[in-house]
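Below is one structure; the comments refer to it alone.
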Amino acid sequence: MNNGCICCTVRGDLIAGLKKLIKNSQKSGKVLDGVLIETTGLADPAPVAQTFFADDYVQQHMRLDGILTLVDAAHIIQHLDDEKPEGVENEAVEQIAFADRILLNKCDLVDGEEQLAEVEARIRAINKTVPIKRVTNSEVEMEFILGIRGFSLDKIIEMDDAFLEDSHDHQHDNRVSSVGIDVPGEVVQQKLNQWISWLLKEKGVDLFRSKGVLAVKGMKEKFVFQAIHMLFANSQEGEWGPDEERRCKMIFIGKNMDREELTSGFMACMAK
Ligand SMILES: Nc1nc2c(ncn2[C@@H]2O[C@H](COP(=O)(O)OP(=O)(O)OP(=O)(O)O)[C@@H](O)[C@H]2O)c(=O)[nH]1
């Protein structure tokens, strides 16, 4: 599939991809057990689910088993409370509303039963009947998420009577965007640490997701970092190959991002 948003621009690609999988399986005689589609956290689930009903060929050969929504227990309330511009859907609300199963993840990051109960109550206010499982690191038995026959067209149409209409309009929040940085060279660890601390402290509320693989001066291994809002983790993973170009590659996804500020801030950490 091409790059793009699975619920908008590349939905035609999704249908073509599904058809190809079915045809390959028929040709090779190998049974296709299932297809897992992982959207970005910012996708509207409705048009993706609609794919399984919009195309006759796909509808005849596939059944939508269920929609699984992974909820970040530590940050979900902030996203549910985010006031969107007029006409823009709140993706977090949509993803919970459409869910046939919910994995309430990162329970270890939440302060006890009271806060978890509050999160569950917010989920229940959107989707009364969905089974919810509390987990850490998404550890779950497969029976909870696969082969569940959880998707019900009647239930969805009750909630969204335009679900089967072709013109399923939805508008994304155009305050949310991504900034990618990919530059050859190395960073200076101390400058990088200072910049990341500044970034998470000052921009963490609006920074939904950051991740990167960096070449750090004097470090044989690749420096890998992951962050969700202000929660940051890093590790050293595998050494740079002798012929591999040492470079820094990162992506930041968030609200009201300033490409110029992020890029110049990072470039100031590069080794001369
Ligand atoms: N403490 C804690 N950390 C977790 C848990 N689940 C994932 N993480 C960490 O959170 C960071 C981001 O992982 P995810 O939230 O799974 O990432 P994601 O949003 O699915 O990321 P992409 O699909 O790559 O955009 C990583 O550093 C994970 O190790 C959890 O239950 N508890």
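Everything numeric in this text was worked out from a predicted model, so none of it was measured. Every number for a ligand or one of its atoms is a count from 1 in the order of the listing.
Taking the ring centroids of Phe266 and Phe252, they lie at or beyond the 6.0 Å cut-off. Taking the six-membered ring for Trp, Phe208 and His79 have ring centres closer than 6.0 Å.
Ion pairing between Glu91 and Lys84 holds under the 4.0 Å rule for side-chain N and carboxylate O. A salt bridge links Asp81 with Arg122: the distance from a Lys NZ or Arg NE/NH1/NH2 to an Asp or Glu carboxylate oxygen falls below 4.0 Å.
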Exercise for the section: Carefully, step by step, assess Arg175 and Asp82 under the rule salt bridge (charged side-chain N to carboxylate O under 4.0 Å, His left out). Expected result: CA-CA 12 Å; Arg175 296 169 305 168; Asp82 187 18; 3.8 Å; yes

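Under the 30°/60° scheme for interplanar angles, the aromatic rings of Phe225 and Phe232 are found to lie parallel.
Within 4.0 Å of ligand 1, contacts by protein heavy atoms are made from Glu38, Asn105, Lys106, Asp108, Leu109, Thr136, Asn137, Arg209, Lys211, Gln226, Ile228.
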